[in-house]
Amino acid sequence: MADWIFPINPTAASRPRVSFKGGHAYFVGPYKRFREEMVDLVPTVIGDHSPYMGDISVTVEFMAKRPKTTKLSAPRGDIDNYLKAIFDALNGKAFEDDKQIVIVHARKSWTPSHEDEGYIKVSIEETS
């Protein structure tokens with residue numbers, strides 16, 4: 001079983017934009033910055049972990065930095081978009097491919113106070 005904490009504020013995946021020339025997809029805004037930061041962060045956090053090869057169960061806890069004022073009970077964004085963001089970042093590193101994931105448990109929440117930084121906690125376990 002692997003347990004990792006990524007010290008980065010969670011960001012939900014956005015829809016990719018498509019260029020008119022060449023038709024390639026690209027991301028903009030906060031999600032683009034999140035992806036770039038995760039590329040650098042993943043090897044540092046998971047170290048020399050060999051990717052899981054079989055079926056896996058994944059538990060993810062998204063703890064977003066609480067804004068100074070909000071009326072929302074949880075961070076904005078669909079939880080499946082938060083999952084897509086982290087699965088894309090871990091693909092080929094923590095596991096061979098996200099198609100191996102057969103069980104998912106996920107939660108999104110605010111950090112306890114607006115002073116606490118956001119983070120993502122990921123636990124992966126092989127299934128039998």
Side-chain angles (χ1 to χ4, degrees):
M1 181 170 178
D3 287 312
W4 298 302
I5 295 178
F6 297 90
I8 187 172
N9 199 47
T11 302
S14 61
R15 293 187 188 271
R17 307 285 167 91
V18 179
S19 70
F20 290 110
K21 287 186 174 183
H24 75 280
Y26 62 97
F27 294 96
V28 296
Y31 182 59
K32 178 182 179 184
R33 288 188 295 281
F34 174 82
R35 284 174 56 110
E36 291 168 352
E37 289 178 33
M38 280 299 292
V39 165
D40 295 334
L41 191 58
V42 169
T44 304
V45 173
I46 71 171
D48 62 354
H49 171 79
S50 296
Y52 287 102
M53 303 301 280
D55 291 345
I56 55 175
S57 169
V58 180
T59 301
V60 186
E61 186 174 3
F62 301 98
M63 298 298 290
K65 182 174 178 151
R66 180 184 288 276
K68 290 184 180 179
T69 60
T70 184
K71 293 180 181 181
L72 300 175
S73 61
R76 182 167 279 155
D78 296 346
I79 198 157
D80 59 315
N81 290 330
Y82 281 95
L83 286 167
K84 178 168 179 30
I86 195 69
F87 291 166
D88 287 348
L90 295 175
N91 233 1
K93 298 169 186 79
F95 40 79
E96 190 69 22
D97 190 88
D98 55 1
K99 68 182 178 187
Q100 297 167 244
I101 301 169
V102 296
I103 300 170
V104 174
H105 298 276
R107 174 180 176 231
K108 65 177 183 172
S109 185
W110 297 119
T111 57
S113 90
H114 71 274
E115 296 169 0
D116 295 333
E117 293 300 317
Y119 65 89
I120 303 168
K121 182 178 179 183
V122 178
S123 299
I124 301 176
E125 188 173 4
E126 288 182 302
T127 61
S128 27

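As the structure is a prediction and not an experimental result, all values here were calculated from the model.
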query: Which atom pair, heavy atoms only, marks the closest approach of Asn91 to Glu96?
result: OD1-O, 4.0 Å
task: Report yes if the side chains of Asp116 and Trp110 come closer than 4.5 Å at any heavy-atom pair, otherwise no.
output: no
- request: Write down the atom of Thr111, the atom of Glu117, and the distance for their closest heavy-atom approach.
  value: CG2-O, 3.4 Å
message: Side chains of Val102 and Ile56, heavy atoms from C-beta outward: is any pair under 4.5 Å?
response: no
message: Within the 4.5 Å heavy-atom criterion, are Glu125 and Thr127 side-chain neighbours or not?
response: no
Minimal non-hydrogen separation, Arg66 against Thr70, with atom names: NH1-CG2, 4.2 Å
Heavy-atom check, side chain of Met38 versus side chain of Ile86, under 4.5 Å: yes
- prompt: Between Arg76 and Leu72, is any pair of side-chain heavy atoms under 4.5 Å apart?
  reply: yes
task: Taking all heavy atoms of Ile5 and all of Val45, pick out the closest pair and write down the distance.
output: O-CG1, 3.6 Å
- line: Between the OG atom in Ser57 and the CG atom in Asp55, the distance rounded to the nearest 0.5 Å is 10.5 Å
message: How long is the straight-line distance from CH2 of Trp4 back to CD1 of Ile124, given to the nearest 0.5 Å?
response: 4.5 Å
field: Side-chain touch Val104/Leu83, heavy atoms, less than 4.5 angstrom
entry: yes
- request: To the nearest 0.5 angstrom, please state how far the OG1 atom of Thr59 sits from the CZ atom of Arg107.
  value: 12.5 Å
message: Once rounded to the nearest 0.5 Å, what's the spacing between atom CD of Glu61 and atom OG of Ser109?
response: 7.5 Å
Closest non-hydrogen atom pair, Pro51 against Lys93: CG-O, 3.4 Å
field: From CG (Leu90) to CD1 (Ile46), nearest 0.5 Å
entry: 7.0 Å
- prompt: Is there a side chain to side chain contact (heavy atoms under 4.5 Å, CB included) between Ile8 and Tyr119 once you walk through the steps?
  reply: CA-CA 5 Å; Ile8 187 172; Tyr119 65 89; over 6 Å; no
task: Report the distance from atom CE of Met1 to atom OH of Tyr52, rounding to the nearest 0.5 Å.
output: 8.0 Å
Main-chain N/O of Asp97 paired with Gln100 side-chain donor or acceptor, under 3.5 Å: yes
message: Does any part of the side chain of Asp3, heavy atoms only, come nearer than 4.5 Å to the side chain of Val122, both counted from C-beta?
response: no
- request: Could you check if a side-chain atom of Met63 sits within less than 4.5 angstrom of a side-chain atom of Pro10, using non-hydrogen atoms only?
  value: no
field: Salt bridge present between Lys84 and Asp88 (N-O < 4.0 angstrom)
entry: yes
task: Describe, in one word, how the ring planes of Phe34 and Tyr31 are oriented to each other, choosing from parallel (under 30°), tilted (30 to 60°) and perpendicular (over 60°).
output: parallel
